[in-house]
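Position 1 is the first residue of the sequence; numbering continues from there.
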Amino acid sequence: MKIALTQMNIFWEDPARNREVCRRLTKNAKEQGCDWIVFPELTLTGFTMRPEEFGEAIYEDDAPTCQFFRSLSMQHSISIAYGAIASDNGRYYNQLILLEPAETLMIYNKIHPFSYGEEARHYTGGDQIVVCRQADILLSGFICYDLRFPEIFQIASKDAVIIFVIANWPEERISHWYSLLQARAIENQCFIVGVNRTGQGGGLYYPPSSVAFNPYGERITTESNEELLYADIDPALAEQYRREFPVKSDRRSGFYRDFI
């Protein structure tokens, strides 16, 4: 499986211009033989606190944003992970969607809104961890601030061998981004694919920092300022490593639960 990790300079709250960038990057990823392209959190807007203006009142395929990414997926025969805003009865959700040309594989609502950045005032936290299957590969995903909560990764990685993390993670805490992604890969013996936006947005700067780690915690993408990075992933490696070094069999989930 070849994955394109974007380093997308999102135009602040400008979906039309960001769609043009997504079209170009998806075309380029397909030309490089990629099976997946992964976009950052809130792909078409940046980390906006105006969800009422950009949210779409559906979760399914008839939402305009989903239709846009579905058309890209079908046109280029590529699977896509992207971020969007969903609206439901006056509540707004920061979403991660995984889709392929034929179907939507996964819709995940960010469990942990970033209260320090006022996200919790504008978005409602989700309440489900989602794992999906593509062919014989199990995948999951989380969004930005979720990365600081390792429990949800342990739950997802009971099954998933690849976990996407899409983000708008600013420069001032970028060392945490790298450290936490690597730790999640090691702890969960899975591939972690972290995709961060770049450029300026909402008064913050986001450096090129998309990265992928293998189940051993080894970086498998090059450090680059390019808009697209590439990771070649063999999901069987995670399954083999888990058999050879069965860390999860030593977890005492019931014991931990007593202290939460």
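- A salt bridge does not link Arg242 with Glu239: every distance from a Lys NZ or Arg NE/NH1/NH2 to an Asp or Glu carboxylate oxygen is 4.0 Å or more.
- A salt bridge links Arg50 and Glu13; the closest N-O separation between the charged side-chain nitrogens and carboxylate oxygens is under 4.0 Å.
- For Gln200, the CD atom is densely surrounded, since the number of other residues' heavy atoms within 6.0 Å is greater than 12.
- In this structure, Glu187 CD and Gln154 CD are separated by 6.0 Å, a value rounded to the nearest 0.5 Å.
- Remark: aromatic rings of Tyr92 and Tyr123 are distant, center separation not under 6.0 Å.
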Test log, rule ring-ring contact (aromatic ring centres under 6.0 Å, His included), inputs Tyr216 and Tyr241: CA-CA 8 Å; Tyr216 299 95; Tyr241 184 39; 4.1 Å; yes
Going through the distances and angles, do Tyr145 and Trp169 end up as a ring-ring contact (aromatic ring centres under 6.0 Å, His included)? CA-CA 8 Å; Tyr145 191 49; Trp169 196 290; 7.9 Å; no
Walk me through whether Tyr82 and Phe39 qualify under ring-ring contact (aromatic ring centres under 6.0 Å, His included). CA-CA 5 Å; Tyr82 69 94; Phe39 290 101; 7.9 Å; no
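- Here Arg24 does not pair with Glu20 in a salt bridge; the nearest charged N to carboxylate O distance is not below 4.0 Å.
- Judged by the 6.0 Å distance and 45° axis criteria, Arg19 is positioned over the aromatic ring of Phe68.
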Report the C-alpha distance between Phe153 and Phe149 in whole Å, list the side-chain angles of each, state the deciding distance to 0.1 Å, and finish with yes or no for ring-ring contact (aromatic ring centres under 6.0 Å, His included). CA-CA 8 Å; Phe153 285 79; Phe149 301 89; 9.6 Å; no
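- A cation-pi contact, defined as under 6.0 Å to the ring centre and within 45° of the axis, is absent between Lys110 and Phe142.
- The CD atom of Gln134 sits 5.5 Å away from the CE atom of Met1 when rounded to the nearest 0.5 Å.
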Steps toward side-chain hydrogen bond (donor to acceptor under 3.5 Å, both in side chains) verdict (Gln7, Thr198): CA-CA 6 Å; Gln7 298 194 123; Thr198 65; over 6 Å; no
